[in-house]
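Note sheet for the following structure.
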Protein chains: 2
Amino acid sequence: MAEKDICEIVYVHEDEVNKIKSKMLEDEFLFEVSDNFKVFGDSTRLKILYALSQKDLCVCDLAAVLDMSQSAISHQLRVLRSKNLVKFRKEGKMACYFLADEHVVAMIELGVEHTKEKL
Amino acid sequence: MAEKDICEIVYVHEDEVNKIKSKMLEDEFLFEVSDNFKVFGDSTRLKILYALSQKDLCVCDLAAVLDMSQSAISHQLRVLRSKNLVKFRKEGKMACYFLADEHVVAMIELGVEHTKEKL
DNA sequence: AAATCAATTGAACATGTATTCATATGATAA
DNA sequence: TTATCATATGAATACATGTTCAATTGATTT
């Protein structure tokens with residue numbers, strides 16, 4: 001909640017505020033955007049995505065590459081699937097995961113580039 | 001920790017795993033990348049950044065635009081400052097915030113585009 | 001100087017979320 | 001069928017994080 005009672009009405013630059021408010025995107029939409037960013041905001045998921053950008057991999061290989069438990073990887077793959085960032089095909093008893101599309105690669109690359117530049 | 005003791009050594013595609021491992025970026029670096037994504041992964045911060053992409057704004061105006069307490073905004077601005085995404089100049093008793101550089105805009109736009117495309 | 005105001009800060013609280021552990025599922029091999 | 005293996009899942013735990021509340025700082029105004 002806001003505390004606009006006294007504060008905002010008095011001193012706020014009302015016209016400016018309204019102008020910006022009208023330019024803002026829908027709350028719901030911006031929430032979705034941030035929610036999409038959030039998926040890349042965990043190092044385990046990012047590592048999974050980066051590894052998959054090199055080659056399609058099954059769960060156990062991903063676990064070996066990241067040196068983490070298969071359960072932890074599986075849980076994160078679930079998140080990545082739910083956000084449509086990865087897909088998988090069944091090969092016998094194994095599940096071979098791969099990136100859903102090039103947008104994912106583009107996103108990773110942008111993140112990597114920006115991080116490199118700032119150091 | 002991993003549980004490679006029995007599992008990985010036996011069945012994992014060792015050569016493939018090592019190949020990907022060698023292609024992986026430094027753990028520390030990927031952690032940093034995900035940490036950068038994380039900043040965009042909160043809707044309050046994203047809204048602040050989006051609002052600032054329209055116009056430089058003081059804290060109280062940001063609070064009015066987002067309809068949130070000035071304290072909450074201030075806390076998030078602190079995070080954004082620490083990540084060098086925003087800067088500010090003092091104007092009397094007010095603090096006028098603005099985006100640090102065009103990279104921030106580029107990032108927001110990519111997020112917005114990708115989110116739009118997926119619906 | 002005293003009062004007021006924008007902004008910051010720290011502590012408390014509530015909520016999210018990543019990992020582990022134990023177990024279940026579903027497929028292959030014996 | 002039974003045993004084994006890869007993966008998935010649910011519950012529990014531990015930790016991170018966003019917001020609020022109260023108090024403080026630093027600047028302006030009276």
Side-chain angles (χ1 to χ4, degrees), chain A residues 1-13 16-17 31 34-35 37-48 56-83 86-97, chain B residues 1-13 16-17 31 34-35 37-48 56-83 86-97:
Chain A
M1 286 292 123
E3 34 185 38
K4 50 170 72 165
D5 321 293
I6 306 105
C7 190
E8 297 182 9
I9 292 167
V10 177
Y11 68 74
V12 144
H13 312 106
E16 272 304 341
V17 167
F31 183 83
S34 66
D35 216 52
F37 275 120
K38 196 173 294 180
V39 190
F40 294 87
D42 174 80
S43 61
T44 299
R45 286 192 293 266
L46 191 68
K47 283 182 204 169
I48 291 175
D56 301 357
L57 291 166
C58 67
V59 181
C60 62
D61 282 355
L62 274 170
V65 169
L66 300 208
D67 196 28
M68 290 180 65
S69 77
Q70 164 250 79
S71 177
I73 300 294
S74 187
H75 276 295
Q76 293 303 346
L77 284 171
R78 193 179 192 294
V79 175
L80 293 171
R81 261 185 285 135
S82 77
K83 298 290 180 181
V86 302
K87 294 183 194 300
F88 73 102
R89 58 176 170 273
K90 275 284 198 176
E91 292 183 354
K93 41 188 169 181
M94 288 153 80
C96 194
Y97 279 82
Chain B
M1 288 293 123
E3 33 183 42
K4 50 171 69 164
D5 320 294
I6 306 103
C7 191
E8 297 182 8
I9 292 167
V10 177
Y11 68 75
V12 144
H13 312 106
E16 272 306 340
V17 167
F31 183 84
S34 66
D35 216 52
F37 275 120
K38 196 174 295 181
V39 191
F40 294 87
D42 174 80
S43 62
T44 299
R45 286 192 294 266
L46 191 69
K47 283 181 203 168
I48 291 175
D56 300 358
L57 291 167
C58 67
V59 180
C60 62
D61 281 356
L62 274 171
V65 169
L66 300 208
D67 197 29
M68 290 180 65
S69 77
Q70 166 247 73
S71 177
I73 301 294
S74 187
H75 276 295
Q76 294 302 347
L77 284 171
R78 194 180 192 297
V79 175
L80 294 171
R81 262 185 284 134
S82 77
K83 298 289 179 183
V86 302
K87 293 183 195 302
F88 73 103
R89 58 177 171 272
K90 275 284 196 175
E91 291 183 356
K93 40 188 171 183
M94 287 153 80
C96 194
Y97 280 81

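Order of the sequence lines fixes the chain letters, A, B, ..., with proteins taken first and strands second; residue numbering starts at 1 for each chain. None of these values were measured; they are calculated from a predicted model.
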remark   = Winner on side-chain proximity to B:K93, out of D:dA8, C:dA6, C:dA7, is C:dA6
message = Could you report the tightest heavy-atom contact between A:V17 and B:A64, atom names first, then the distance?
response = CG1-CB, 3.9 Å
ask   = Is any side-chain N or O of A:R78 closer than 4.0 Å to OP1 or OP2 of D:dA8?
value = no
message = Check this one for me: any side-chain N or O of B:K38 less than 4.0 Å away from OP1 or OP2 of D:dT17?
response = yes
task = For B:Y97, report the nucleic acid contact type (base, sugar-phosphate, nothing); a contact means any heavy atom under 4.0 Å.
result = sugar-phosphate
Distance, rounded to the nearest Å, where A:F40 contributes CZ and C:dT17 contributes P = 16 Å
task = Kindly assign one of parallel, tilted or perpendicular to the pair B:F88 and B:Y97, based on the angle between their ring planes and the thresholds 30° and 60°.
result = parallel
task = Can you tell me the distance, in whole Å, between the CZ atom of B:F31 and the P atom of C:dA18?
result = 12 Å
request  = Return the minimal non-hydrogen interatomic distance between A:V86 and A:R81, and the atom names on each side.
outcome  = CG2-N, 3.7 Å
Any B:R45 side-chain N or O less than 4.0 Å from OP1/OP2 of D:dG18 = yes
Given DNA chain C, 5'-ward residue of the pair A:V79 and A:E91, judged by closest heavy atom = A:V79
ask   = Looking only at heavy atoms, what is the nearest atom pair of A:S34 and B:L46, with distance?
value = N-CD2, 3.6 Å
query = Does A:S71 get its side chain close enough to the base of D:dT9, under 3.5 Å, for a donor-acceptor pair?
reply = yes
request  = Give A:A72 one of three labels, base, sugar-phosphate or nothing, depending on what nucleic acid heavy atoms sit under 4.0 Å from its own.
outcome  = base
request  = Take the protein atom CG of B:L77 and the nucleotide atom C1' of C:dA7, then report the distance between them rounded to whole Å.
outcome  = 10 Å
Any donor-acceptor N/O pair under 3.5 Å between D:dC21 base and B:S69 side chain = no
query = Tell me: CD1 of B:I73 to C1' of C:dT8, nearest whole Å?
reply = 14 Å
task = To the nearest Å, give me how far apart NZ (A:K83) and C1' (C:dA18) are.
result = 15 Å
inquiry  = Taking donor-acceptor contacts at under 3.5 Å, does the side chain of B:Q70 reach the base of C:dA7?
reply    = yes
ask   = Closest approach of B:A72 and B:S69, non-hydrogen atoms and distance?
value = N-OG, 3.0 Å
inquiry  = Please determine whether any donor N or O and acceptor N or O are separated by less than 3.5 Å between the side chain of B:S74 and the base of C:dT9.
reply    = no
ask   = Taking the side chain of B:Q76 as its heavy atoms from C-beta onward, which of C:dA7, D:dG18, D:dG10 lies nearest to it?
value = D:dG18
query = What integer distance in Å separates A:M68:CE from C:dT20:C1'?
reply = 10 Å
key: Face-to-face stacking of B:H75 with D:dT19, centres under 5.5 angstrom, angle under 30°   = no
request  = Round to the nearest Å and state the distance from B:D67 atom CG to D:dT20 atom P.
outcome  = 10 Å
Interatomic distance where CG belongs to B:D42 and C1' belongs to C:dG16 [whole Å] = 12 Å
query = If you take all heavy atoms of A:R45 and A:Q76, which pair is closest and at what distance?
reply = NH1-OE1, 2.9 Å
